[in-house]
Amino acid sequence: MTSPERDELLRAPLFHTPRNPFLEDRALVSHEDGGLLIRNGRIAASGDFETIRAAHPEAITTDLRGGFLLPGLIDTHVHFPQLRVLGGLGRTLLDWLDVCALPEEARMSDESYAREIASAFVHALASHGTTTALVFGAHFAAATAALFEAGRASGLRIASGLVMSDRQLHPELHQTPEAAYRDCKDLIRCFHGRGRLLYAVTPRFALSASEAMLEVCQTLRQEHDGLLFQTHLNENPQEIAEVARLFPWASDYLAVYERYGLGGGGAVMAHNVHPTASEFDRLAAEGTTIAHCPCSNAALGSGLFALKRHLKAGVRVALGTDVGGGTGFGMLKEALQAYLLQRVAPEGAMLDAAQMLYLATRAGAEALGLENETGDFQTGKSADLVYIRPPANTPLAAVLERADTSEQALAAIFTLAGSESVCEVRVEGSIVHKGSIVYK
Ligand SMILES: [Zn+2]
């Protein structure tokens with residue numbers, strides 16, 4: 001643990017992307033013999049170890065050579081009540097929701113069950129190196145509160161909110177707009193801005209939210225400063241057709257949210273696999289972030305994400321695991337999947353390691369308006385980090401021994417590092433997770 005009186009200097013190779021590698025060359029900052037100076041939970045300096053040690057000889061050095069330091073990973077789309085439906089393969093979105101996800105989400109009406117899942121959920125985030133997450137809560141206020149409580153106990157940065165729906169799902173998940181408003185107000189009062197917790201207004205998707213429910217979402221955002229917003233957009237053709245039927249006045253899916261002012265900074269919409277040309281432009285103009293979830297897109301057969309077109313239009317993009325439509329909690333794996341699908345997508349982007357790191361860290365911080373707090377190792381930010389160290393006798397250990405450049409080492413980490421390689425995770429300098437296996 002970090003002593004509040006003495007500075008701590010971590011020594012290990014380190015990587016971060018303080019600039020956007022999609023816009024700037026050489027945006028990856030790497031130090032082969034790196035140093036990260038932590039003072040009262042903040043980054044007091046990052047760079048070459050010897051330089052920092054010379055300037056701060058009083059600091060206690062923690063020698064972490066043998067592993068690598070990355071900024072804490074940021075998951076911008078993940079569902080807490082879906083932990084136990086991971087692995088429901090062989091279906092498409094609406095069928096998967098009906099058979100796999102919604103029955104499990106209904107079990108969250110049992111508060112003690114929800115507490116058990118919430119605790120397992122935050123542990124899963126931390127053990128995969130995720131320090132910040134934008135999380136879909138449950139359709140029940142008590143279960144959503146259980147997630148916030150588990151988040152607070154874990155030390156992670158958790159933004160979440162009650163999932164709001166009043167039609168088209170299983171009836172036990174529906175709530176009137178009036179009841180949703182009341183529950184949201186209570187949750188905001190109890191959790192928003194408390195410690196590392198933030199509240200996110202969370203209509204499940206336009207398909208399951210009436211106009212009255214979307215109006216409640218708009219009202220909540222108007223009544224409280226700094227609330228985030230999250231929902232789904234353009235995931236699956238059947239879903240899009242159904243939204244068009246339910247909102248005949250809307251020119252496209254995004255127009256439904258736009259009518260209620262539900263976009264812009266601090267708004268994250270998951271997927272956008274089937275956008276119209278006009279939607280690209282409007283998302284960019286508003287500054288709404290798309291949470292790209294490539295494992296989920298592939299697992300549910302939703303389609304290939306047009307990353308290049310998003311970037312060209314100037315739409316902000318970050319990454320999400322979309323547990324349980326996705327395939328697990330690993331943000332490194334998610335970035336790898338983004339890379340793999342772009343390789344086979346028509347007009348796909350060729351992602352490099354710096355871009356993968358940016359998508360898994362700083363892009364998420366920007367999406368949540370936390371770019372001055374976390375997402376890279378710039379001086380003054382919170383010391384949120386993941387220490388990757390390959391276990392002995394693993395392919396990753398073998399590859400890293402031979403990596404000639406830091407880019408090669410980073411690409412190998414994205415390709416081969418699972419949760420077994422997550423040795424230590426910190427938020428504001430304090431350890432929130434420690435791996436328990438034998439490291440090389
Ligand atoms: Zn989702």
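Numbering of ligands and ligand atoms starts at 1, following listing order. Keep in mind that the numbers below use all heavy atoms, side chains included, and drop hydrogens, waters and symmetry copies.
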May I have the step-by-step check of side chain to side chain contact (heavy atoms under 4.5 Å, CB included) for Ser382 and Arg42, ending in yes or no?
CA-CA 4 Å; Ser382 173; Arg42 317 300 295 189; 3.9 Å; yes
Mind checking whether His271 and His232 have parallel, tilted or perpendicular rings, split at 30° and 60°?
parallel
Cation-pi between Arg189 and Tyr181: NZ/CZ under 6.0 Å from ring centre and within 45° of the ring axis?
no
Under 3.5 Å, sequence neighbours excluded: what are the donor-acceptor pairs made by side chains of residues 92-100?
{"from": "Asp95", "atom 1": "OD1", "to": "Arg91", "atom 2": "NH1", "distance (Å)": "3.4"}
{"from": "Asp95", "atom 1": "OD2", "to": "Arg91", "atom 2": "NH1", "distance (Å)": "3.3"}
{"from": "Asp98", "atom 1": "OD1", "to": "His170", "atom 2": "NE2", "distance (Å)": "2.7"}

Contacts of type ring pair (Phe, Tyr, Trp, His ring centres under 6.0 Å), residue Phe305, not counting sequence neighbours:
His292, His310
Excluding waters, which are neither shown nor counted, protein N/O/S atoms under 2.8 Å from the Zn ion (ligand 1) come to 4
Counterpart residues, ring pair (Phe, Tyr, Trp, His ring centres under 6.0 Å), relative to His123 (two or more places apart)
His433
